[in-house]
Amino acid sequence: MFSSTIRRSLPTWRRSRAYLYSTFAEGDYCMMRELRSGRKSLIGPLEDGLHRDFKGGLIHHKDVIGQPARTIVRTHNGAYGFMLHEPTLEEYVVNVPRNCTPIYPKDASAIIQMLDIDPGQRILEAGTGNGALTLYLARAVHGPGGRVDTFDVRESHANMAKKHIRRFRRGQYQDTVAFHIGSVTETVAPESTYDGIVLDMPDPSSVLETLLPSLRNDRFVVCYLPNMTQVLDLAQTVRSLPLVMEDCIESEWKEWEVRATVIRAKEKENEKHDAWVCRPKNFDVKGHTAFLVKLRKCAPISASHTPTCTTTTAATEETP
């Protein structure tokens, strides 16, 4: 009784982990891990009457609905077994249907770090796409006052993103996101103030000057740019604005394969030894996708205090 009283007294946002399902229900997504190979497949949204085909065997959605995570289910012919798991955010955004290339988790997590986001902050995102980065941003700011305003010129992209955000963990973050259709410079409210801005667009230079008044001083803009030509164009624009380019990075993940194996001794054909395979997955290196450029707003705070902005990260010593 005492613990339930404490739980009721907590704000709703502090109980956000309540989405964790006791069992899978209709509309949920489920990550199924094949017991023999370890390969994972996303299934859903679950709907009674539907099924998924696995190498000639069928997994009926009705066999998943009502089951808790870590339940083992088998195909209708018993050929394959699968363990049920709640999909992580990474698994979800990589595997759901898409109508454009998403910002992958390696870049999304780097962007969150570069923006230095806290719960309760307000973030502007230009370029909603599939809503992959939108979900990462929403989770980072989730809390009282937290909000992501996301803009896209394509209504089809926004509609797809809305669907993905509504279906992830039963819409836990959908109230944190506001969708806007149209050019960000024409749609953003003039009185809006943001703690960070993300620009996933071919020419961020064209909107920087318009959006800067909406960014809090000493806060960050992160631009997602696939090629170095775009970075150089941005660097040229930054020279005439109260911005300093603090970082330009590539985020790369290299996955390693680590698994047990058995080797045969050459001397005795039937003698076996346990061993380990430890090697990079060279066929699946998550390499270059884009350059992430971090800009800090450094507008003077008063007429008597006018620090100089430069486009280099090195400190400049004053000459006595």
Side-chain angles (χ1 to χ4, degrees), residues 19-109 129-133 135-136 139 156 159-173 253-262 274-287 289:
Y19 71 83
L20 289 171
Y21 330 138
S22 57
T23 60
F24 291 100
E26 285 201 60
D28 291 341
Y29 277 86
C30 175
M31 183 60 71
M32 308 184 69
R33 179 170 55 85
E34 188 181 346
L35 297 180
R36 282 183 289 186
S37 68
R39 292 191 182 93
K40 294 185 287 187
S41 302
L42 189 69
I43 182 173
L46 299 174
E47 183 178 340
D48 193 12
L50 298 183
H51 64 267
R52 176 75 174 271
D53 185 8
F54 288 98
K55 302 176 184 178
L58 302 181
I59 291 288
H60 293 279
H61 287 201
K62 64 180 178 63
D63 295 333
V64 177
I65 295 171
Q67 299 293 342
R70 295 190 297 117
T71 297
I72 294 176
V73 299
R74 306 195 71 85
T75 53
H76 78 289
N77 56 9
Y80 298 95
F82 299 84
M83 181 172 283
L84 310 181
H85 297 282
E86 178 195 337
T88 65
L89 178 54
E90 176 187 356
E91 292 168 338
Y92 180 80
V93 300
V94 169
N95 289 284
V96 291
R98 63 184 69 165
N99 53 14
C100 61
T101 303
I103 290 183
Y104 289 102
K106 71 181 185 67
D107 293 317
S109 56
N130 287 298
L133 178 60
L135 267 171
Y136 275 88
R139 185 163 71 171
S156 60
N159 290 337
M160 177 69 80
K162 287 179 184 178
K163 184 185 299 183
H164 290 334
I165 291 171
R166 183 175 68 251
R167 287 176 171 174
F168 180 68
R169 294 182 177 169
R170 301 179 183 174
Q172 182 191 4
Y173 301 116
W253 286 354
K254 179 182 287 187
E255 291 189 69
W256 279 68
E257 180 182 21
V258 180
R259 60 179 173 84
T261 188
V262 175
D274 292 334
W276 289 89
V277 173
C278 301
R279 61 191 178 193
K281 291 184 178 181
N282 292 322
F283 56 90
D284 191 28
V285 174
K286 295 180 172 64
T289 47

Quick check for you: to the nearest 0.5 Å, what is the distance between [X] atom [atom1] and [Y] atom [atom2]?
X      : Y      : atom1 : atom2 : answer
Tyr104 : Leu133 : OH    : CG    : 14.0 Å
Ile103 : Ser109 : CD1   : OG    : 11.0 Å
Asn95  : Arg98  : CG    : CZ    : 8.0 Å

For Lys40, give me all partners under salt bridge (charged side-chain N to carboxylate O under 4.0 Å, His left out), at least two apart in sequence or on another chain.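 Only Glu91 meet the salt bridge (charged side-chain N to carboxylate O under 4.0 Å, His left out) criterion with Lys40.
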Flag the pair [X] / [Y] as yes when at least one side-chain heavy-atom distance between them is below 4.5 Å, and no otherwise.
X      : Y      : result
Tyr80  : Arg74  : no
Cys30  : Leu84  : yes
Asp28  : Pro45  : no
Phe82  : Ser41  : no
Arg139 : Leu89  : yes
Ile65  : Leu46  : yes
Val94  : Pro102 : no

For Tyr29 and Phe24, what are the C-alpha separation, side-chain angles and deciding distance, and is it a ring-ring contact (aromatic ring centres under 6.0 Å, His included)?
CA-CA 8 Å; Tyr29 277 86; Phe24 291 100; over 10 Å; no
- prompt: Stepwise, does the side chain to side chain contact (heavy atoms under 4.5 Å, CB included) test hold for Arg167 with Val96?
  reply: CA-CA 10 Å; Arg167 287 176 171 174; Val96 291; over 6 Å; no
Inset, instruction - Go through the steps for Thr289 and Lys106 under the test side-chain hydrogen bond (donor to acceptor under 3.5 Å, both in side chains), then give the verdict. - result: CA-CA 10 Å; Thr289 47; Lys106 71 181 185 67; 2.9 Å; yes
[X] side chain to [Y] main-chain N or O, any donor-acceptor pair under 3.5 Å?
X      : Y      : answer
Arg39  : Leu35  : no
Arg52  : Leu42  : yes
Thr71  : Gln67  : no
His61  : Glu47  : yes
Asn130 : Cys100 : yes
His164 : Gly131 : no

Does a side chain donor of either Arg33 or His85 reach within less than 3.5 Å of an acceptor in the other side chain?
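Side chains of Arg33 and His85: pair found under 3.5 Å.
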Excluding sequence neighbours, so at least two apart, what forms ring pair (Phe, Tyr, Trp, His ring centres under 6.0 Å) with Tyr136?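 Ring pair (Phe, Tyr, Trp, His ring centres under 6.0 Å) list for Tyr136, sorted by chain: empty.
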- prompt: Which pair of heavy atoms, one from Ala69 and one from Glu86, lies closest together, and at what distance?
  reply: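 Minimum heavy-atom separation between Ala69 and Glu86: CB-N, 4.4 Å.
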For the residue pair Tyr92 and Phe168, is the inter-centroid distance of their aromatic rings smaller than 6.0 Å?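 Distance test on ring centres: under 6.0 Å, yes.
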